[in-house]
Amino acid sequence: MRLSRLFTKTSKNVPADETAKNAQLLIQAGFIHKEMAGVYSFLPLGLKVVNNISQIVREEMDAIGGQELLMPALQLKERYEATGRWDDKVVDNWFKTKLVNGTELGLGFSHEENLSPIVKQFINSYKDLPIAPYQIQTKFRNELRSKSGLMRGREFIMKDMYSFAISQEQHDEFYAKAQAAYLKIYDRLGIGDSTFLTFASGGSFSKYSHEFQTLSEAGEDTIYLNRERKIAINKEVYTDEVLADQNLKREELEEVRAIEVGNIFSLGTKFSKPFDVTVTDEAGKLVTLLMGCYGLGVTRLMGTIAELFADDKGLVWPEAVAPAKVYIARLGDSPDAVKQADGLYDHLTQAGVGVLYDDRDMRPGAKFADADLLGIPYRVVVSDKTAAAGSYELKARQSEESHQLGLPELLKSLGTTS
RNA sequence: CGGGGUGUAGCGCAGCUUGGUAGCGCGCCGCGUUCGGGACGCGGAGGUCGUGGGUUCAAAUCCCGCCACCCCGACCA
């Protein structure tokens, strides 16, 4: 992408109606645009990040047997009456609306009520199990108070997977796989070192649910962490009984703030029973399936990553999620510099490397400042000097030093050789 | 939903106390000079002052209602 053609711009001014660091920076850098409290548009650069995160999540879900589908946002009242979840006293964050003919609808906050009937239609035998359909889709939750930028939105993108198993053993086996897949996702996103498996309240069908908490003062949760064992206990279940269960002692735990970046839990037959989701087992007997639910907030992760790595110059994206890997800052518009920069841009683009090419008529300082604010992992400066020397100046976003490199060395440093 | 705060040009703000032709910075357009860490000069464009009502000869400014946004709290299968 040539920056001269990118329709979004960075701003020197910090937005006044945001105090959360993630929202301030993402807006300043032109990644997102605020529509209302807790509702944002994802602009070209921001959407790249969303898609990069989604793709990693998708790959890891597919790797454990997940099957992607897409369910609707519009929800029928009857479905939720079957599980008791239409009642505002049971689910207090519904957005509700109506068809012209008066039929009541809601905007989906979770999709057990959609998926159960779908599974009932197709799955009739133990031989078909287990299965784990998932989607990456926009969720609506009418939060009393949305806040902290992308951390708690009223409309946000979430990956939600639901597993269906015939036995507790089968369920547990998949649940464990999902747990491992989640940790892998956080590793790939670059936040693995500060993300911890956390025991939280389990609801009516299992003792615990498992959260994945990323350490950050911007978080809303308080957890008690054992760094050595890489596990934590959410404050909401921080009791002697739970400590004993996990063989943890209060003295070896530290109290920290964290962001919930994922939550998995067992649902038992809570949703399969009302919809009569049963299969025939080996003995020819009807068995109601056991379900699990595996949530992960894609846009919240984007906010978390922004919040976690940002420095005083702006965003700092891990390579895996960055909207581009390389920022080419072309200084000046002499024929030599243009030729060298255009050549590099074409070369990297053809090699499949994501590039933001700053071909704008701006002074060097402004370009460097933008490269930093946008948080692109690598910056390559091309100028009359480098053109004359036949070299390129490479600097990593988080490094103070730059290096003069020839083309082969540059390409090698950027992880491409072609 | 309770408490606190804020709405004035695309963005960030001043003006409001004490009513009288709406201003600054960034950004934008034109010309010129600049060009390795957010350049400078000159000239320009751009505003129903959140919204509805009230007081007044006159309202961004005073009064009342409403809406939106931010923060704290409560809430978050």
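Just the heavy atoms: all of them, side chains too, but no hydrogens, waters or symmetry mates, feed the values below. The sequence lines fix the lettering, A, B, ..., with proteins before strands; numbering per chain opens at 1.
- Base-pair partner of B:C1: B:G73 (Watson-Crick or G-U wobble, both distances under 3.5 Å).
- A:Asp372 contributes a side-chain N or O that forms a donor-acceptor pair with the base of B:G37 under 3.5 Å.
- For the pair A:Ile27 CD1 and B:C69 C1', the interatomic distance rounds to 12 Å; values are reported in whole Å.
- Listed nucleotides: B:G36, B:G38, B:C11. Nearest to the side chain of A:Asp370: B:G38.
- Using a 4.0 Å heavy-atom cutoff across all strands shown, A:Arg379 reaches at least one base atom of the nucleic acid.
- Here B:A68 sits opposite B:U6 as a Watson-Crick or G-U wobble pair (both hydrogen-bonding atom distances under 3.5 Å).
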Between protein and nucleotides 24-35 of chain B, map the contacts as a letter string: B base, S sugar-phosphate only, - none, heavy atoms under 4.0 Å, written 5' to 3'.
-BBS------BB
Could you run down nucleotides 71-77 of chain B 5' to 3' and tag each one B, S or - for protein heavy-atom contact under 4.0 Å?
BBBBSBB
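- For CZ of A:Arg250, the number of neighbouring non-hydrogen atoms (other residues, nucleotides, ligands) closer than 6.0 Å is greater than 12.
- Counting heavy-atom neighbours within 6.0 Å of A:Lys395 NZ, excluding the residue itself, gives a total above 12.
- Among residues two or more places apart in sequence or in another chain, the side-chain contact (heavy atoms from CB on, under 4.5 Å) test is passed with A:Ser167 by A:Glu169, A:Gln170.
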For residues 297-310 of chain A, run the donor-acceptor check on the side chains, cut-off 3.5 Å, and write out each pair with its distance to 0.1 Å, sequence neighbours left out.
{"from": "A:Thr299", "atom 1": "OG1", "to": "A:Ile157", "atom 2": "N", "distance (Å)": "3.1"}
{"from": "A:Arg300", "atom 1": "NE", "to": "A:Met151", "atom 2": "O", "distance (Å)": "2.8"}
{"from": "A:Arg300", "atom 1": "NH1", "to": "A:Glu260", "atom 2": "O", "distance (Å)": "2.7"}
{"from": "A:Arg300", "atom 1": "NH2", "to": "A:Met151", "atom 2": "O", "distance (Å)": "3.1"}
{"from": "A:Thr304", "atom 1": "OG1", "to": "A:Arg300", "atom 2": "O", "distance (Å)": "2.8"}
{"from": "A:Glu307", "atom 1": "OE1", "to": "A:Asn22", "atom 2": "N", "distance (Å)": "3.1"}
{"from": "A:Glu307", "atom 1": "OE1", "to": "A:Asn22", "atom 2": "ND2", "distance (Å)": "2.9"}

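- Screening residues 332-341 of chain A for salt bridge (Lys or Arg N to Asp or Glu O under 4.0 Å) gives no qualifying pairs among residues at least two apart or on separate chains.
- Note on A:Gln28: nothing from the nucleic acid sits closer than 4.0 angstrom, heavy atoms only.
- Residues passing the salt bridge (Lys or Arg N to Asp or Glu O under 4.0 Å) test with A:Glu319, sequence neighbours excluded: A:Lys325.
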Please determine whether side-chain contact (heavy atoms from CB on, under 4.5 Å) holds for the pair A:Leu3 and A:Lys367, giving the CA-CA distance in whole Å, both sets of side-chain angles, and the decisive distance to 0.1 Å.
CA-CA 10 Å; A:Leu3 285 190; A:Lys367 295 194 177 192; over 6 Å; no
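- Residues satisfying the side-chain contact (heavy atoms from CB on, under 4.5 Å) criterion with A:Arg229, sequence neighbours excluded, are A:Asn226, A:Ile231, A:Asn247, A:Leu248.
- Each salt bridge (Lys or Arg N to Asp or Glu O under 4.0 Å) pair with one or both residues in residues 170-196 of chain A, not counting sequence neighbours, appears once here: A:Glu59-A:Arg188, A:Glu60-A:Lys184, A:Glu60-A:Arg188.
- Computed from coordinates, the A:Leu331 CG to B:G38 P distance equals 13 Å when rounded to whole Å.
- In this entry the distance linking CG of A:Asp17 with C1' of B:U6 reads 10 Å, nearest Å.
- In this structure, a donor-acceptor pair under 3.5 Å is present between the side chains of A:Gln340 and A:Thr386.
- The side chain of A:Ser383 has B:G36 as its nearest neighbour among B:G36, B:G38, B:G37.
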Sugar-phosphate atoms are those with a prime plus P, OP1 and OP2; base atoms are the rest. Using that split, label each nucleotide of nucleotides 43-51 of chain B B, S or - for protein heavy atoms under 4.0 Å, 5' to 3'.
---------
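- Between A:Lys34 atom NZ and B:C70 atom C1' there is a gap of 7 Å when expressed in whole angstrom units.
- Residues from residues 35-46 of chain A with heavy atoms under 4.0 angstrom of RNA chain B, sorted by number: A:Met36, A:Ala37.
- For A:Ala369, there are no side-chain contact (heavy atoms from CB on, under 4.5 Å) partners, not counting sequence neighbours.
- A:Tyr357 and A:Tyr345 have tilted rings, their planes meeting at an angle from 30° to 60° on a 0 to 90° scale.
- The salt bridge (Lys or Arg N to Asp or Glu O under 4.0 Å) analysis of residues 61-72 of chain A, with sequence neighbours excluded, yields the pairs A:Arg58-A:Glu68.
- Remark: aromatic rings of A:Tyr40 and A:His33 are distant, center separation not under 6.0 Å.
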